[in-house]
Structure formats: structure tokens, C-alpha cells
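Within every chain, numbering begins at 1; the chains are lettered A, B, ... in the order of the sequence lines, protein sequences first and strands thereafter.
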Amino acid sequence: MRAWLPTILRGLLLLVLIAFLVTPGSFEPLLRPLVQPNAPAIYNQGSLLALTLLHLRTVFIATLVATVIAVLLAILVTRSFGAEFLQLSRSLVNIGQTFPPVAVLALAVPAVGFGEKPTLIALFLYGLLPIFENTLTGLTNLPRSVMEAARGAGMTDFQRLLQIELPLSLPVIVAGIRLSMVISLSTATIGSTVAAKTLGEVIIAGLQSNNLAFILQGGLIVGALAVLIYDGLSAAEAMLTRRAGST
Amino acid sequence: MGRARLLSIARQGSGLRIRFDKLGIVIALLVAYGALGASFAVLKPNRIVQGEAKMILAALPAWAGWGLIVVLFLAAAASLFRTSSWLKLVAAFAALVTLALAIGSAASFLAPAGNTYARVSPASGFWLLLFAFMLLAADAITRLRPPPWMRVLFLVLTAGGVGAILLSGSWNGLSIMKEYAGRADVFWSEAGQHVRLALGSLIVAAAAGLPLGILCHRVAALRAGVLNTLNLIQTIPSIALFGILIGPLAWIAATVPGAAEIGIRGIGTAPAFVALFLYSLLPAVANTVVGLAGVPREANEAARGIGMTDRQRLFQIEFPMALPVILTGIRIVLVQNIGLATIAALIGGGGFGVFVFQGIGQTAMDLVLLGAVPTVALAFAAAVILDALIEMNSRVLIGARSA
Amino acid sequence: MIEIEAVTKLYDDVAVVDNVSMVIEPRTVTVVVGTSGSGKTTLLRMINRLVEPSSGAIRLDGEDNRSIPGHELRRRIGYAIQGHGLFPHRTVAENIATVPGLLGWEKSRIAAKVEELLTLFQLDPKMFGSRYPHELSGGQQQRVGVARALAAEPNVLLMDEPFGALDPIIRAKAQDDLLAIQKHFGTTIVLVTHDMDEAFYLADKIAVMDKGRVLQYGPPAELVRAPAAPFVETLIGDAERPFRLLSAAKIGAAVEPGEADGEPIGEDGTQQEALADLLWSGRKALPVVSASGAPMGRVTLDALLKCAARPQ
Ligand SMILES: Nc1ncnc2c1ncn2[C@@H]1O[C@H](COP(=O)(O)OP(=O)(O)O)[C@@H](O)[C@H]1O
Ligand SMILES: [Mg+2]
């Protein structure tokens with residue numbers, strides 16, 4: 001019974017989220033007490049569903065590109081010809097992660113102007129770091145005996161990478177993607193301050209017109225998305241870990 | 001195997017007469033493009049409109065322009081070969097100092113005399129050069145593996161150098177400094193607010209998080225529940241958490257007598273502080289739990305065996321041994337808080353974010369920089385200092401363990 | 001046949017393997033012993049070119065091992081290591097199928113080979129084929145590791161402390177299995193260990209290494225009879241010498257005609273086993289039978305004592 005509870009709660013969360021996005025009006029009575037009598041309780045300057053989809057699209061695109069680049073870079077610095085860059089890239093990731101997401105976003109604006117672009121760039125750059133770091137961790141912490149056996153069996157470098165190193169690192173890589181996506185979901189809301197179409201619009205509209213209902217619905221949608229994606233990827237990670245064997 | 005590879009690379013490398021450094025080649029290309037292919041500074045008629053980009057030789061007096069190019073290429077040449085890391089570090093620092101001085105003099109050279117509206121800002125070439133030489137410095141420092149105190153010394157030297165240039169006034173012609181000059185008072189009060197938010201919430205979070213962590217360590221039944229809840233809080237986007245807290249805090253301010261008097265209001269510092277506090281709890285608690293769990297069984301057994309009380313064991317054995325991990329949690333919190341405190345500006349909480357968001361609103365990018373650059377610098381400095389602290393503490397422990 | 005000729009390996013100008021020459025006969029078990037860090041692993045890994053020698057040459061059946069790319073060479077040589085190194089994300093069957101897969105064997109041939117090997121190693125193919133390595137016991141994992149090394153029917157099998165992680169009982173069984181399999185396939189085995197009991201039990205020839213050099217290379221009895229260096233003596237141990245001699249020789253070699261009472265013993269056992277049996281049962285002689293059970297004669301306490309005495 002207790003083991004099922006989280007799953008049921010998540011299913012419920014997903015249902016409520018979908019219901020809210022499809023018919024936000026039906027939730028009005030819940031939010032009404034939070035606002036002044038004449039103010040709207042449901043975001044009325046655009047479709048919540050459309051904003052949610054745009055928000056997700058931005059995050060997915062940025063994460064996808066970040067994943068591809070980060071994994072490629074991590075593979076590069078763990079090969080013998082890129083070994084010179086391994087320590088440096090570790091330091092750079094360490095330094096890069098001290099850059100606040102807002103600063104990355106703000107600094108991208110002078111380079112590419114307002115709108116979707118700076119948000120994508122900030123999400124991409126910031127999302128790169130956890131994935132790169134985790135891929136590096138995965139690729140450099142493979143069991144020695146397994147790598148030795150793979151070489152001893154006569155696999156070429158490329159076969160080893162594809163058949164052994166990447167599959168065994170996959171759970172750690174997915175954990176990096178999960179971290180990156182949750183940060184991106186949150187950072188994307190700030191993208192609205194530079195005119196990207198994301199759920200941040202709802203929150204900022206609420207902040208500007210002192211409308212608590214707007215802030216709450218914007219925040220809760222992003223929060224629900226984050227929890228669902230986090231859980232989904234955690235489950236994927238657990239499954240991959242089990243498949244990759246615990247020893 | 002990794003070791004064997006490195007050795008075989010070194011062996012192959014020594015066969016060549018001249019040994020090129022792979023990163024050096026990248027840096028040299030960046031420098032060549034940054035110096036000769038991209039513009040060094042932008043001259044704008046006023047702070048908002050698009051400007052006119054100038055190459056190095058057009059942005060500086062002839063002698064200074066050529067001088068800069070010579071210094072940059074010498075430093076790039078030092079990066080190109082496999083030489084001592086100290087030499088590279090010195091070259092990188094020399095290039096960075098020259099760049100810093102050059103951008104200042106470009107500002108006074110380009111700005112028409114007497115025109116207070118005209119703005120000069122660094123352009124892409126400058127940023128590229130800056131990046132290239134910082135990369136060189138980072139690589140040199142990484143290879144040198146300096147002890148913690150030396151890293152802090154590098155940080156202090158860098159901060160001192162930047163401070164000296166700022167005080168000397170040689171950057172005063174730069175757009176970002178003009179933004180600063182117009183709001184020097186506000187800048188320092190927002191800086192104070194930023195630090196108060198980041199550090200204050202950290203201190204409260206540590207004061208609450210450590211005991212909570214110890215409790216979770218001792219009472220296994222609590223652990224999963226507490227950590228899951230804190231995890232959940234972390235997934236709420238910052239901007240929303242800041243906003244969501246407005247409601248309850250406004251309600252508290254209105255209903256709890258005395259709350260409003262001590263500064264609790266729906267918007268402003270209070271929700272920002274509480275939000276940062278909530279975000280800080282997870283790393284503080286989780287790292288305390290992990291740190292305590294990592295204390296070797298034998299150490300605990302031995303402590304019990306010689307008759308220590310639970311309290312003595314906690315303070316004399318467990319806590320000191322868990323300290324590096326706990327400090328790592330503190331580092332995460334501090335760096336994260338310095339970044340997140342920027343968001344506070346959106347709900348009237350102040351901090352450097354004020355300039356960032358004002359700048360975005362006015363499309364004045366120099367104002368954005370006035371907020372973003374100090375934030376990054378602060379976060380970076382905090383990371384370096386805490387990393388040094390952590391390393392010093394773990395060294396003591398590792399030394400003690402191997403002895 | 002493996003010919004190792006004046007092979008040296010330098011790391012940072014230190015000779016980890018120092019001018020080693022030896023010839024390993026086909027279908028024999030050669031055991032390399034020595035203290036930790038003496039260069040055993042490095043020597044072994046130069047045979048399949050996981051490590052490239054700094055100088056010297058290694059020939060397999062007369063062919064220089066550098067005449068084909070390293071990975072192709074390794075597909076033709078079996079390799080089993082301590083801690084088995086099974087691929088944790090692949091099933092037992094997939095693990096065993098690794099090298100045949102790399103060689104591009106047909107599916108049906110691979111499946112037949114996997115089944116044959118699992119059966120040979122006393123693992124029920126239906127039950128174990130689809131399991132993952134972490135679902136096996138330590139001994140089973142080790143057997144799968146050896147089975148994987150043998151999957152492509154290599155002439156040569158290199159083993160680096162293959163039984164180092166096993167407990168004594170499972171280890172003894174693994175050693176017996178290895179000898180049986182060596183007979184079955186006629187494989188040439190080079191095995192590294194620092195366990196002298198294991199060396200004497202398994203070896204046709206033992207190579208003793210110290211500080212990168214091979215101090216002595218010869219049959220076990222020769223090492224006891226005429227140690228070439230004080231280090232070899234120390235390694236064998238003064239108190240162990242007679243027993244080592246017995247453990248390196250088969251009962252068959254001490255059989256004499258005659259009768260004896262009680263339980264017979266097989267001629268394939270070691271003389272040490274025969275001595276133990278005699279001492280324990282308080283008899284003076286044991287009847288000896290061949291593998292098929294035919295009476296061969298007897299082995300006496302006196303004969304064994306002579307075998308164990310210092311050779312003149
Ligand atoms: N890749 C390597 N790089 C440098 N030194 C090595 C390397 N591999 C092994 N060595 C050194 O060579 C010596 C012999 O190692 P090894 O062959 O593993 O010894 P053994 O297997 O007998 O314990 C050891 O001192 C070891 O430190
Ligand atoms: Mg070894």
C-alpha cells in the first residue's frame with residue numbers, strides 16, 4: 001500500500017495538471033479568494049496550455065542540444081588524444097557552475113538580443129555543465145576489470161565506447177540530464193524577462209499586477225512539470241541502473 | 001590504463017623536436033581572431049542605441065594599439081609550446097592586465113571630448129581575448145595544482161588588481177563605469193543587500209540544517225521524509241517560490257500582531273529571505289546526513305569503547321570527520337544563493353538583480369553588466385574560498401587517517 | 001608455442017620486465033609466480049599486446065604478435081582476470097558470446113558454443129544463460145569469466161590471478177575444472193598467481209619472477225631440487241619443500257607391484273594426497289587403481305618418503 005502511494009500521487013498530479021491546462025476556468029473558484037474582487041483569477045493574456053507547451057519546447061530543445069554536445073565533449077576528453085584537456089575541462093565545469101543562471105541569461109542578451117534566443121543559449125550553456133560533469137564521472141569511473149576484459153577480448157576503441165563505456169555510463173548520464181532539465185525548467189521562467197514565451201510570463205504578469213493567483217498558477221505548473229519530469233527521469237535512471245547491473 | 005596512455009603520449013610527444021600544446025593552439029587561434037578579426041570596442045552615441053565597432057588599431061592610439069597586439073601575441077606564443085606552467089600563468093596575467101588597461105584607454109581615446117552621452121563598451125574581440133587568456137590562466141593553475149592557500153592568494157591578488165584599476169580611474173570612461181557613476185550609492189546599498197540575503201539565509205539555513213541533519217542521521221525514520229520534502233522544494237522554480245511566498249507572508253503581516261513591525265511584508269526582503277532559506281535547507285541537511293553516515297564505523301565503535309558519551313562522540317569524533325562534506329554543502333548553498341539572490345529584485349527584494357532587470361527593461365546592456373559581473377565575481381570568489389577551506393579540512397583528515 | 005625473446009618493458013626508464021626470454025610449449029600449463037609488483041601482469045599483458053614491449057619480440061606459433069593489429073590478436077587469445085571483469089549490462093550468454101560476436105560468427109554457431117561452454121562449466125544453460133552477472137555467486141561469475149575467454153576456441157589462454165577472489169573450497173574446485181578443461185581443449189595456458197600451492201598444483205612449468213627478471217623457469221620438481229636463487233628457495237619455503245615435491249608428482253610415478261588393503265586411490269592424484277591418506281588411515285601401503293578402476297599395484301609409505309627426500 002505504502003509503496004503505491006507515490007505513484008498514485010504522481011498520477012493524480014499529472015491528471016490535475018492536464019485538467020488545469022485544458023480547462024483552467026473550472027479551477028477559478030479555487031483561485032478566486034486570492035485576488036481582488038475585480039481582478040481575473042485565471043491568466044487571461046494568453047493560453048496557459050500554449051505557454052506550457054512553448055516552455056517545454058524551449059527546455060527540450062536546449063536539453064537535447066546540451067546532451068549531444070556535452071556527451072560528445074566528455075567522450076573527447078576521455079580519449080587518449082583529448083586527455084590533455086581532461087583536467088582543464090574539469091576546472092572549467094567547476095568554474096562554470098558558479099555562474100548564476102540569471103547572469104548567464106542576462107549576459108546572453110547583449111550577444112543575441114531579446115526573445116527566445118538568449119533563453120535557449122542560457123539554458124543550453126547552463127544545462128551543458130551537469131550533463132558533461134556526469135558523463136565524465138561515468139566514463140572515468142568504469143570498473144577497471146571490466147575495461148580490461150573488454151580490451152582483452154579484442155574490442156577496438158570504438159567498439160568499447162559504444163558497447164561498454166556508454167551503456168555502463170548511461171544511468172549517470174541520465175542523472176545529469178535530469179539535473180539539467182530541472183534547472184532549465186526553472187531558468188526558463190526567468191527567460192520571460194527577456195521576452196521569451198514561457199510560463200514566466202504568467203508569474204511576471206502576477207508580480208506586476210500584484211495578482212497572487214497568477215503567480216501561484218504559473219509557479220505551480222512549472223513546479224508540477226519539474227516534479228513529474230524529475231520523477232520520470234529518476235525512474236528511467238533506476239531502470240537503467242538495474243539493467244546495467246549493480247556490480 | 002589511463003596512466004599508461006598518458007605515458008605513451010608523453011613518449012610520442014618527446015619524439016618531436018618542438019612540442020606544441022593542444023590547448024595552446026586553440027588559444028593562439030582565439031587570440032589571433034580576437035585581436036585581428038574582431039572588433040575591440042564599440043562607440044555608441046548614447047547608452048541605448050547600436051554603436052560603431054572599432055578594431056584594436058582604430059580604438060587605441062597607434063603606439064598603444066601595436067603595443068597591445070605585440071603583448072597579446074607574445075603571450076599567445078607562450079601558450080603555444082609545452083613550457084613551464086608558471087611561465088604560462090605569468091604570460092596570461094600580463095596579457096590580462098594589458099587588456100584591462102587597454103580597454104580603459106580605448107574608452108578615453110574613442111569618446112568625443114565633452115560629450116557625456118557617448119558610450120564606449122568592450123566589443124566581441126575584447127571578450128574573446130579575455131576568455132582566451134582566462135582559459136590559459138585556468139589551465140596553468142590546474143596544472144600547477146596550487147595548495148589551497150595559494151589559490152586564495154591568486155584570488156586576493158586578482159581582486160586587488162581589479163580594485164587598483166577601478167580606483168585609478170582608468171576605466172572611468174567605460175560605459176559600465178558610467179552606469180555605476182550615476183548610481184554609486186544605490187550600487188553599494190544593493191551590494192550590501194545582496195550579501196545580506198545570500199549570507200543571512202545561509203547562516204539561518206546552517207543553524208537550522210545542521211541540527212536537522214544530525215536528527216535525520218540519528219532517527220532513520222525521519223530521514224526519507226525530510227529529504228524528500230526538501231527535494232520537492234528544490235524543484236519549484238525560484239521565481240515562483242519567491243512569488244508564492246508573497247501570499248502567506250502578506251497574510252502573516254496582516255494578521256500576526258507585531259509581524260509587520262519587524263519588517264515582514266508580502267513583498268521585499270522577507271519572501272526573498274525565506275525562499276533562499278528554503279532552497280538552502282536541502283544541501284545543508286543532506287550533506288550533514290551524508291557526512292555523518294560516512295564516518296567509519298570503527299571510529300564510532302572506538303569512541304564508544306573508550307567511554308565517550310553520545311554528545312562527546314558527536315562533537316569530538318563525528319562532526320570533525322564529517323566537516324569536509326558539510327562544508328561542501330555550505331559551498332553549494334552559498335554559490336547557489338548568490339546567484340538566486342538576483343531573482344529577489346523581481347519581488348522588490350533588492351540586490352544586484354535590480355540592475356540586471358532594470359537594464360533588461362531599458363535595453364541598457366551596460367546596466368545589465370553592472371548587475372551581472374559583480375554577481376559572478378562574488379559567486380566565483382565564494383567558490384574559491386570555500387573550496388580552499390574544504391581542501392584544507394580534508395587534508396587534515398586524510399593525513400590523520402594515513403598516519 | 002609462445003616464444004618470448006629478450007622482452008623488456010620500461011616505465012619511466014625503470015625496467016618493470018627486464019630482458020625476459022622463455023619458450024612456452026604448446027598444450028602445457030605455465031605458471032608465473034613472484035611477489036606483488038615483480039612484473040608478472042606486465043609480462044602476461046605483453047603476450048596479447050595490452051602492453052607493448054619496449055624491446056624484444058614475442059612469437060606465437062612462429063608468428064610475431066605484431067604482425068596483426070592488437071585487437072585482432074586479442075580475439076585469438078583468451079584472457080581471464082581476477083575479479084572476472086564480466087560486463088554487468090550483458091547477460092551471461094551475451095558475455096560468453098562477446099568474442100565470437102566480434103569475430104562475426106553466425107548466430108546459431110554462437111548459441112551452440114555458449115550452450116556447450118555453460119554445460120562444460122556445470123551451469124545449466126536454460127537457467128543461467130539469461131541471468132545478469134550480479135545474479136551469480138562469486139564462483140559462478142569466475143566460471144563464466146573463463147568460459148568467455150574460451151568462447152572463440154583460442155589456442156592460448158592467459159589468466160591473471162583468476163582465482164584470487166575465491167574462497168579456498170571454491171578455488172580448489174576451480175583449479176580442478178581448469179585442468180580438466182585444459183585437457184579437453186588442449187589449450188596452452190599461461191597463468192599468473194602469487195599462491196605457491198596453486199602454482200605447484202597446476203603447473204607443468206613454473207617461472208619465478210623478481211624485480212622484472214625471470215630467476216628460474218622449469219618444472220616444479222626442479223625448482224625444489226635445484227633452486228637457482230635464494231629468492232626461489234624463500235618462495236618455496238624450507239618447511240614446505242618435501243610436500244611441494246610430492247604435490248608436484250603424480251601417484252602413478254611411485255607405483256610398485258604388489259597388494260595392499262583398504263580403499264584404493266586413483267593414479268591421477270598427487271603423491272601428497274596419497275601420503276595424507278596413508279598417514280590418516282595409519283596404513284603402510286595403499287592399492288592404486290587407474291582412471292578406469294583397473295588395479296595398478298600399490299604405493300607405500302617408504303616409497304613416498306623417498307620421493308619426498310632431497311634428491312641427490
Ligand atoms: N601502466 C603503468 N605505468 C607505470 N608503471 C606501471 C604500469 N603498470 C605497472 N607498473 C609498475 O610495474 C611494476 C610491475 O607491475 P605488475 O606487472 O602489475 O606486477 P605484478 O603483476 O607482478 O604485481 C609495478 O611496480 C607497477 O607499479
Ligand atoms: Mg598483477
Should the heavy atoms of other residues, nucleotides or ligands under 6.0 Å from CZ of F128(C) be counted, would the total exceed 12? yes

NE2 of H84(C) to OG of S145(A): how many Å apart, nearest 0.5 Å? 6.5 Å

In terms of heavy-atom contacts, V146(A) and P88(C) come closest through CG2-CD, 4.0 Å

Max heavy-atom pairs within cutoff under 4.5 Å with chain A, candidates V99(C), L158(C), L102(C), goes to L102(C)

Would you say that more than 12 heavy atoms from the other residues, nucleotides or ligands in this model lie under 6.0 Å from the NZ of K197(A), or not? no

Look at atom CD1 of I169(C) and say whether more than 12 heavy atoms of other residues, nucleotides or ligands are closer to it than 6.0 Å. no

Separation between CD of E148(A) and CG of D160(C), rounded to the nearest 0.5 Å: 7.5 Å

Taking side chain as everything from C-beta outward and backbone as N, CA, C, O, which of these in Q163(A) sits under 4.5 Å from a heavy atom of chain C? Side chain, backbone, both or neither. both

Rounded to the nearest 0.5 angstrom, the CZ-CE distance for R75(C) and M155(A) is 9.0 Å

Within the 4.5 Å heavy-atom criterion, are H71(C) and R160(A) side-chain neighbours or not? no

How long is the gap from CZ on R144(A) to CD1 on I81(C), to the nearest 0.5 Å? 10.0 Å

Heavy atoms of R74(C) and R151(A) approach each other most closely as NE-O, 2.9 Å

Taking atom CG as the centre, does D204(C) end up with more than 12 heavy-atom neighbours from other residues, nucleotides or ligands that are less than 6.0 angstrom away? yes

Nearest-0.5 Å distance, CZ of residue R242(A) to OH of residue Y132(C): 11.5 Å

More than 12 heavy atoms of other residues, nucleotides or ligands under 6.0 Å from NZ of K117(A): is that the case? no

Which portion of R148(C) sits near chain A, non-hydrogen atoms under 4.5 angstrom: side chain

Pick one of side chain, backbone, both or neither for L73(C), based on which atoms fall under 4.5 Å of a heavy atom in chain A. neither

Over 12 foreign heavy atoms within 6.0 Å of CD, E115(C): no

